[in-house]
Colleague: 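Submitted below is the structure of interest, expressed as structure tokens.
Given the structure is predicted, the values throughout are model-derived calculations rather than measurements. Numbers here simply count residues along the sequence, with the first being 1.
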Amino acid sequence: MLKALFNWMFVIGLILLGGRLITMICRYFDIPFTTFFKDYALVSMIILIVGIIGTETMKKQN
């Protein structure tokens with residue numbers, strides 16, 4: 001169960017990272033886009049880092 005949680009956190013973190021990249025590209029080209037991914041950048045980075053660390057820890061335990 002814990003392994004599944006870390007895997008989902010990793011996937012959600014990657015999706016949020018993709019959203020931040022799209023936001024950055026749109027802002028560079030002056031295309032209007034939502035600021036949701038920019039506003040929650042710290043939270044999404046924490047989710048991604050916890051997901052990566054948890055996934056790697058679970059791999060080492062097996």
Side-chain angles (χ1 to χ4, degrees):
M1 167 142 162
L2 196 57
K3 183 177 180 180
L5 175 69
F6 287 132
N7 286 339
W8 275 107
M9 289 179 77
F10 178 63
V11 169
I12 291 169
L14 286 177
I15 291 169
L16 292 172
L17 176 66
R20 285 195 315 274
L21 289 174
I22 292 170
T23 302
M24 186 174 60
I25 291 168
C26 289
R27 294 190 92 210
Y28 179 77
F29 290 112
D30 292 328
I31 300 171
F33 194 70
T34 182
T35 60
F36 173 80
F37 297 106
K38 182 181 171 238
D39 296 339
Y40 295 99
L42 180 63
V43 174
S44 62
M45 284 301 292
I46 291 171
I47 290 171
L48 181 62
I49 291 170
V50 169
I52 290 171
I53 292 170
T55 302
E56 289 300 316
T57 304
M58 289 294 152
K59 283 182 185 177
K60 289 180 182 178
Q61 285 183 355
N62 290 337

Colleague: I'd like to know if L16 and F33 are part of one continuous hydrophobic network [Ile/Leu/Val/Met/Phe/Trp/Tyr, side-chain heavy atoms within less than 4.5 Å].
Modeller: yes

Colleague: Are I46 and F6 connected, step by step, through hydrophobic side chains (Ile, Leu, Val, Met, Phe, Trp, Tyr) whose heavy atoms are closer than 4.5 Å?
Modeller: yes

Colleague: What's the spacing between N7 CG and T55 OG1 if we round to 0.5 Å?
Modeller: 4.5 Å

Colleague: Who passes salt bridge (charged side-chain N to carboxylate O under 4.0 Å, His left out) against K59, sequence neighbours left out?
Modeller: E56

Colleague: Treating Ile, Leu, Val, Met, Phe, Trp and Tyr as nodes and any side-chain heavy-atom pair under 4.5 angstrom as an edge, say whether I53 and L42 lie in one connected cluster.
Modeller: no

Colleague: To the nearest 0.5 Å, what is the distance between CE (M45) and CG (L17)?
Modeller: 7.0 Å

Colleague: Return the set of residues passing side chain to side chain contact (heavy atoms under 4.5 Å, CB included) with M24 (not counting sequence neighbours), or none when no residue passes.
Modeller: L21

Colleague: Could you name each residue pair satisfying salt bridge (Lys or Arg N to Asp or Glu O under 4.0 Å) that touches residues 14-23, not counting sequence neighbours?
Modeller: none

Colleague: Which heavy atom in M9 sits nearest to a heavy atom in I47, and how many Å separate them?
Modeller: O-CG2, 3.3 Å

Colleague: Count I, L, V, M, F, W, Y as connected when their side-chain heavy atoms are under 4.5 Å apart, and connections chain through other members. Are I22 and I12 then in the same cluster?
Modeller: yes

Colleague: In this structure, would W8 and L48 fall into the same cluster of hydrophobic residues linked by side-chain contacts under 4.5 Å?
Modeller: no

